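In what follows, a single structure is set out as structure tokens and then discussed.
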Amino acid sequence: MAAVTELSRADELRAFGEVVAGCTKCALAGGRTQVVFGSGNPDSDLMFVGEAPGFHEDKQGVPFVGAAGKLLDQLLADIGLTRGDVYVANVLMCRPPGNRNPLPDEIEACEGHLWRQIELIQPRVVATLGNFATKLLSGKPTGITRVHGQEQEVTLGGRRVLLYPIFHPAAALYTPRMLEVLKSDFACLPELMGREVAPPKPVFVSRVAAEPAVQLGLF
Ligand code: URA
């Protein structure tokens with residue numbers, strides 16, 4: 001379990017949310033009703049990262065409260081979880097006009113807010129919903145269709161976590177057969193949350209071990 005105490009993590013998140021509420025790092029600040037910061041259980045082992053707020057999220061200031069959010073709630077219920085058990089955030093914290101795709105400069109401006117939330121939450125599993133979150137957090141260009149349902153160990157927020165790409169719930173709103181894929185990917189989450197993740201590989205060698213190599217000019 002994480003080193004940060006329950007109270008201080010929630011407090012730090014709240015304080016960070018207050019700072020981010022005034023963000024003007026990109027042009028989306030001009031059109032938003034409000035910043036939509038992450039929400040849910042700050043001590044959760046499971047964090048979801050979606051794409052960007054839509055109309056309802058922008059109005060209510062909470063991620064995933066519209067149609068895709070209702071489906072997310074249902075998918076969570078199917079595996080015995082509620083929104084109060086998990087933490088949910090987005091790649092972008094402000095609504096793009098007309099719900100268009102996030103632009104590279106918007107992602108770049110906003111990603112620090114996401115990294116900091118991951119650092120504070122210290123989840124064991126980060127489930128990325130859709131292409132934008134998956135590409136950003138995996139650091140790879142491979143799209144969601146190829147990687148969904150395949151967990152990978154990555155370092156996020158200074159810790160090893162299991163990154164688990166899943167289709168965005170909105171995809172199932174328009175493509176009903178996607179719902180079965182989503183359900184079966186969600187069904188793997190409880191097992192992933194119980195998995196041990198290997199600690200990061202040491203990045204240094206002790207002086208004693210290194211010395212002969214240093215003398216040989218190998219380092
Ligand atoms: N879609 C997202 O990716 N995020 C939300 O908060 C709502 C819809």
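This structure is a prediction, so every number in the text was calculated from the model and none was measured. Counting starts at 1 for both ligands and their atoms, following the listed order. Count residues from 1 along the sequence.
Of all the atoms in ligand 1, the ones that sit under 4.0 Å from a non-hydrogen atom of G50 are 3 (O). With ligand atoms numbered from 1 in the order given, ligand 1 contributes 6 (O) to contacts under 4.0 Å with heavy atoms of P63. Within ligand 1, counting atoms from 1 as listed, the ones closer than 4.0 Å to a heavy atom of E51 are 2 (C), 3 (O). Remark: ligand 1 atoms within the under-4.0 Å shell around heavy atoms of H168 are 1 (N), 2 (C), 3 (O).
Residues L137 and W115 have side chains in contact (heavy-atom distance under 4.5 Å, counting atoms from C-beta outward). Contact check for L81 versus L46: side-chain heavy atoms found under the 4.5 Å cut-off.
Of the possible donor and acceptor atoms, one in the side chain of Q117 sits under 3.5 Å from a partner among the backbone N and O of G38.
In terms of protein heavy atoms, atom 4 (N) of ligand 1 is closest to N90 OD1, 2.8 Å.
There is no side-chain donor-acceptor pair under 3.5 Å between S8 and D11.
Applying the ring pair (Phe, Tyr, Trp, His ring centres under 6.0 Å) test to pairs two or more places apart or on separate chains, those with a residue in residues 39-63 are F48-F186.
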Can you give each donor-acceptor pair under 3.5 Å made by side-chain atoms of residues 15-32, sequence neighbours left out, with the distance rounded to 0.1 Å?
from : atom 1 : to  : atom 2 : distance (Å)
R32  : NH1    : C23 : O      : 2.8
R32  : NH2    : A21 : O      : 3.4
R32  : NH2    : C23 : O      : 3.0

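When only interatomic distances are considered, the shortest N/O to N/O separation between F64 and ligand 1 falls below 3.5 Å.
Looking at G130, A52, S39 and measuring to atom 8 (C) of ligand 1, the nearest heavy atom belongs to A52.
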